[in-house]
Structures are given as structure tokens and as C-alpha cells.
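Okay, structure first, notes after.
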Protein chains: 2
Amino acid sequence: MGKETTIYDIAKELKLSPATVSRALNDHPAITLKTKSLITTKAKELGYRSNKFASNLRRQKTNTIGVIVPRLNSYLMSTVLAGMEKVANEAGYNLIISQSLESQKKEIVNARTMFDGRVDALLVSVAYDTDSYEHFEAFINKKIPLVFFDRVIEQFDCTSIVIDNVKGGYEATRHLIDEGCRRIMHVTGSLKRNVYADRLRGYRLALAENGIAFEEDWLVVTDLSPEAGRKMAKKIQQLRPGFDGLFVANDSCAVSCMGALKQAGISVPGDLAVVGFNDDPLAEVIEPQLTTVHYPGKEMGEIAMQTLINHLNGSLNMHPADLIVLRSELIVRQSSRKSQAQGTL
Amino acid sequence: MGKETTIYDIAKELKLSPATVSRALNDHPAITLKTKSLITTKAKELGYRSNKFASNLRRQKTNTIGVIVPRLNSYLMSTVLAGMEKVANEAGYNLIISQSLESQKKEIVNARTMFDGRVDALLVSVAYDTDSYEHFEAFINKKIPLVFFDRVIEQFDCTSIVIDNVKGGYEATRHLIDEGCRRIMHVTGSLKRNVYADRLRGYRLALAENGIAFEEDWLVVTDLSPEAGRKMAKKIQQLRPGFDGLFVANDSCAVSCMGALKQAGISVPGDLAVVGFNDDPLAEVIEPQLTTVHYPGKEMGEIAMQTLINHLNGSLNMHPADLIVLRSELIVRQSSRKSQAQGTL
DNA sequence: AAAATATGTGCAATCGGTTTCATTGCAAAA
DNA sequence: TTTTGCAATGAAACCGATTGCACATATTTT
């Protein structure tokens, strides 16, 4: 609680005005080099540190960027955040991170908090069940830059950073078909979310393109949790030998499903070829290794943040309706290699 | 950029003073219920939101808690952070999160930023190579609550939240011995860090207790990355059949090591029993499933944050030298079941 | 009925930088 | 020598909420 030194203290000691001190510390061109060095030296001597509140209050700027994610503790999201933090930190911005825990209600509260906290910009990946978007309007109205990533919404003309989920879904399915699958189940998340809706679109596109008629009960909407994966395994077991392919929209669900299938004596890929999504480290560890779509999480975080910061610094005009699509690609591993694995069982 | 409404606007409209408005909005007891509801109604009508800068400036409090972690994108850390965020959010605190990327240099910069940002408190898990601690002294001097978790330092009389790493290391090693191992390699991280030093201590304790002489070259210090795990596998292969047990201080390293061992034709646990640490989801997925020490990450985050907030709110005196130790326990899975697995090979 | 005590509001200072608009001093131009 | 121009610095008004103290009513006590 020792009293902080302020620019007034520095000014008094040097018999200068606080205005000059402020300018010197901000490297204002109108101040002599000599005066500047005098002031910075004294500042160091007194252990001065700028009071951000005062500065923020005056300049109406926080140097803080808000991020709302569904959850912090998922491989994908923590990777994206790591990328964001790195870029933001280097650019001198602070990150306020909060998680919606997949609930719209909490997302609304978080958005409000960010708004009241006067963040300079907001980055959002929306929750599982979000279906109204008024809580973001305040940002639009106040022209606070708002960027969506991964799980985006088209409601507003905001910059969005995504991967090509249609392509990802298409390639995953197409690959299964190429491996000889004809009856491919698709396990996914809420179709309100672009990521899942688009992957489904890709899936259906691949089916159609190969003359396979899609049936409603090939599609299962779940919360994509590991438990959901285990439940799916049970279901698949009962329907046997209904399906020969399985495309799950998320690796952790796919992996737990594979584990349960294995226990049930169903062979992957022999009986059922499996493809996941995201390229979670789990995918490389499970046996057989999981074919999946690589998701460039860190790059997404870095690019989203960089784009935003460029915009905040005025070096780049973020056109309202910008869409940035990152490359993702299918990583083929053993879980889908039906053609080579026939002998396994 | 529309002009914000302030308490002055509300005051003017209602012909009251800003002081009254401020008090009403803060639920001050000296204001009539009638006046209060009048004011809150008008505030809502005008879309008022408090200006935190002004408030912070006046009250010298940010309602923000800083967190510095080695990295955001590790299972353990993202889980801890998820716990912290949850509690902080519920208590109305914001979290500023930054990562040191295991570098002391960045940790110093981050600490400085947190300090200048006037966080109300700071939570830290120190970087891999940190070996001087002056960057935290500023917090001590200014009596800003400083709490270490997981990777703690004894330098300061700060509250620390840890698990009993000695016990964890002891139980892991003891278990290997019970399973019949006599030559147990220990792969760990920097011994500057309590977590690794203590696990090593537990390891040696277990060896000593069972009359096994520890040899220097049983101990390998690495960065515990997956690559390190793969390298270890190669080394083990060369030394064969030097070791019959392996205790790795972290699951992701243990898992990648197991994968490489498997490829090299070394059977786990038949040839080599393996135990990891942390209970990463990977541990349950690898085959054989990895015996490991469960680490209550979410609880650690929640408890660290709750303790801190209680202290900030004055409801709990955090004695300077408080140490909170969370329970962790060995989870026995197949990777260490030597006694039952003899037949495998 | 007068005095003492509550009760509800307002005044004005304060928090610490930032910034506009002078002002001062000195050198170059007339 | 006087004027003009510019460079460096200062004075003071912000930014918006908080809060100690004063003050005016309203209520209770004597």
C-alpha cells in the first residue's frame, strides 16, 4: 500500500509540469531528448508505473481484448487460445478469457461483462445451444470490433475465421467411400452450429456424389462428449451389421466410441471404418490410429488475433463481411483403412 | 462511438445529484428504496453502463485477477484454468491469462504487465527454467496477493496450492516395485521445479525403502515433451534389457514413449512396466492403458481461486505461509501390471 | 414546543493521465 | 533592431465514479 509515484511526483522533483512528463513518457515528439531522458531516468528512480485506469479513463481504450470460448479445457480451444495469447501479448494487448461452458445463458452474461469491461474488441466462438444473438448487438452498435472464429454466426456482418467444414466433411466421407464403405453413420453436434451443419453438408455431398442415398437414421446428433461416443458404440453394436463406416465430428467422441467398440468385439476398421475430426493428440494414440481432419488451431488463434489487432491499429481495414478460411486436411491413418485391413478379423 | 450515458446524465434527468445516483447504483443503504428504483429504472432506460476505468481509478481496484501459466494448451493447465475461470466468473472477477511458454524471460515480462495492469491478485505456475524470482517481489512489496499453484517456489511466504508430489512419486514407484520391478528408470523434468524434484524424492524414497540402490543413470532429466518420450524409447531399446520399470513424470511423454516402445517391439508391461503422471485423457486411450497418478486439475483451479477470492473479500485471512495440499491418487491400469501380464510375450 | 437525533441528498474534492490551447524563449528573417 | 516563426513547456480542463462532510428535512425525545 505504499503510495504510488505519479507523474506529478516526477514533475515536482524535476520542476516540470505533469503535462511535460506525460508527453515525455509517451515519447511525444515535442519534447527535447534531454528532457525526455531526464524524465525517464527520474521515473525509473522513483519506480514509477503508469496508472492504466487514469490513462484508460482519459483515452477511452483498455488495451484489452475479450475472448469467449465454449470451454477452455478442450484440446482445440486451448490451442486456439495459446495462439491468440501469443500474438496479443506480443502486440501489447491483454486477454480477458471467459468460457460459456456451452450455455447460451452464460455466454450472454460473459458478453455483457466484456461489454461493461470496455474491451477494445471481442473474439467469440459461440456455445452449443446459442440461438439468439442480441447479446452481441451492443458491440455492433458501439462499433466495437467483433470477430467470430470456429463456431461462427452469419447473423451479423462480422469478420469470421473458419476452416472449410464442408470440405472437411466431404473429404472424410469421400475417403470412407473410397475405402469401400456404403453405409456410413454420421455422429455430430448441434446443427445450429456452422461447424456441424457444414460437416454434415459435406457428408451428404459425398454420399450424393457417389450415388448413396442418405437416410435420416444415419445421422445422430449428440453433444459429442466421450459418453456420447460410448453410447454410440452400444447403438452400433445393436444395429450390427448395419453400418460399415462412421464419421464422427470430433475426435474425443470418436476415440471413446472406438474404445467401446473394441471392448464389444467390433473391429476397426475391419467391421467399421472410422474417421474423426480435429486431429486431437488422442487420434494418434488410439489403436488403430484415428483418421481425422487436421484442424489448424494455433494458426486460427494467431490469425484471428493478428487480423483483429491490425484492424485496431488501423493498418488494415477489416471489411465488415470478411471471411477467412484456413486450410485443413484429411490425415489418413489406420482406423479407416478398410481396404488393407480386411484380414484383421 | 455514440456518447455513453454517465451517472451525470441520469442525475440530470432525475434532478438528483451524481452522488446519489452513484450510491443508488451501488446499493448504498442510505438511499431510499423509492429513489433507488427510480434511478435503476432510468439507468436501464438510458442504457447506462458503469465506467470501470473511473471506478477503478477512484477505488484503486481492478476486479481483475492475473494468471500466468507455462502454457495454455496442456491438458492439465487448461483444466486448472477452466476451474479458475469458473470460480472467478461467479465471483465477478475477470481473469487476465498469459503464458510464459516455459521461458523465464517471458514470465518476467508477463509479471510486469500484470503488475502494471494493477491486477488485484496474481496466480502463478512458474516456467520450466525460472531460477530467479525478483519479478515477483514487486507484488510482495505492494502486498498484492500472490499465489502459486502446481509449480510453486518456496522463496516467498506465499500461499501455495499443490498436490503431494512426494507421495505421488512414492506411490508410483512403490507400485512398480510391488509389481516386481527392480530396475526402474525415472524420466522427469527440471529439478528446479518442486513438482519434479518432489516426485524424484518420492521415487528415491520408495527405492530406498525396498532396499534398491539408486543409480545416477536411472534418472533422466528431459523437457518431458512427446519427442523426449520417443528419444527415451530409443535409449531404452539400446540398454535392453537394462530396465524393467519406467516412471515418467508426465503422461504425454510417457504415452509417446510407449508408442515408440511398441513399435520397437518392446512389450509393456511384459518387458517394461510403465507409470505416468497427471491422468491425461491420453492415458486411458493408449494400449495398454497407462497407470498414472490422478491430478485434480479442476479442483486445484477452483480451490486456488476460491481461496484467493475469499482473501480479497476479507472473509478469510490467508496466512502468508499457507500451503494447501490436494489429494491425488495412483490409478492402476494395465501398463504396470507386470504380475498379470507375464504371459503376454 | 424545543431540542436532539435520524435520515436522505448534495457539494466538491479526488483518483492520475491526457490533451487543447496558451505562453515563453530563442533563432532566423526583414 | 524589430518582427516573425517555431520549438519546448505549462495551465487547466477534462475523463466518470466515489466518498467525506455538510446540510436540510423528518422523526423522536424531553
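So you know, we letter chains A, B, ... as the sequences are listed, proteins then strands, and number each from 1.
Non-hydrogen atoms lying under 4.0 Å from DNA chain D are contributed by nothing in residues 43-51 of chain A. Near-neighbour residues of DNA chain C inside residues 11-19 of chain A, defined by a heavy atom below 4.0 Å, number-ordered: Ala19(A).
When the C1' atoms of four end pairs are superposed on the next four at each end of the helix from dA1(C)-dT30(D) to dA30(C)-dT1(D), using five pairs per end, the two resulting axes differ in direction by 50°, to 10°.
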Review item, side-chain donor-acceptor pairs of residues 30-37 of chain A, under 3.5 Å, at least two apart:
residue	atom	partner	partner atom	Å
Thr32(A)	OG1	Thr35(A)	OG1	3.3
Lys36(A)	NZ	Asp27(A)	OD1	3.2
Lys36(A)	NZ	His28(A)	O	3.0
Ser37(A)	OG	Lys34(A)	O	3.1

Return a table of donor-acceptor pairs under 3.5 angstrom between the side chains of residues 63-73 of chain A and protein atoms on other chains or two or more places apart.
residue	atom	partner	partner atom	Å
Asn63(A)	OD1	Lys61(A)	NZ	2.9
Asn63(A)	ND2	Gly92(A)	O	2.7
Thr64(A)	OG1	Thr62(A)	O	3.2

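OP1 or OP2 of dG16(D) has at least one side-chain nitrogen or oxygen of Gln60(A) nearer than 4.0 Å.
Using a 4.0 Å heavy-atom criterion, one finds that Phe53(B) contacts no nucleic acid atom at all.
Every residue meeting the ring pair (Phe, Tyr, Trp, His ring centres under 6.0 Å) condition with Phe148(B), not counting sequence neighbours, appears here in chain and number order: Phe136(B). In this view, Phe139(B) and Phe115(B) satisfy the ring pair (Phe, Tyr, Trp, His ring centres under 6.0 Å) rule, not counting sequence neighbours. For Gln99(A), the side chain to side chain donor-acceptor pair (under 3.5 Å) partners at least two apart in sequence or on another chain are Glu85(B).
Using a 4.0 Å cutoff to heavy atoms of chain A, the contacted part of DNA chain C runs 5' to 3' from dG16(C) to dT20(C).
Among pairs with a residue in residues 129-138 of chain A, those fulfilling salt bridge (Lys or Arg N to Asp or Glu O under 4.0 Å) read Asp131(A)-Lys192(A), at least two apart in sequence or across chains. Within the structure, salt bridge (Lys or Arg N to Asp or Glu O under 4.0 Å) contacts touching residues 297-308 of chain B (residues at least two apart or in different chains) do not occur.
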Reading 5' to 3' through nucleotides 21-28 of chain D, protein heavy-atom contacts under 4.0 Å coded B for base, S for sugar-phosphate only, - for none: --------
Could you give me the CA-CA distance, side-chain angles and deciding distance for Arg151(B) and Glu102(B), then say whether salt bridge (charged side-chain N to carboxylate O under 4.0 Å, His left out) is met? CA-CA 11 Å; Arg151(B) 297 197 194 159; Glu102(B) 300 286 15; 2.9 Å; yes
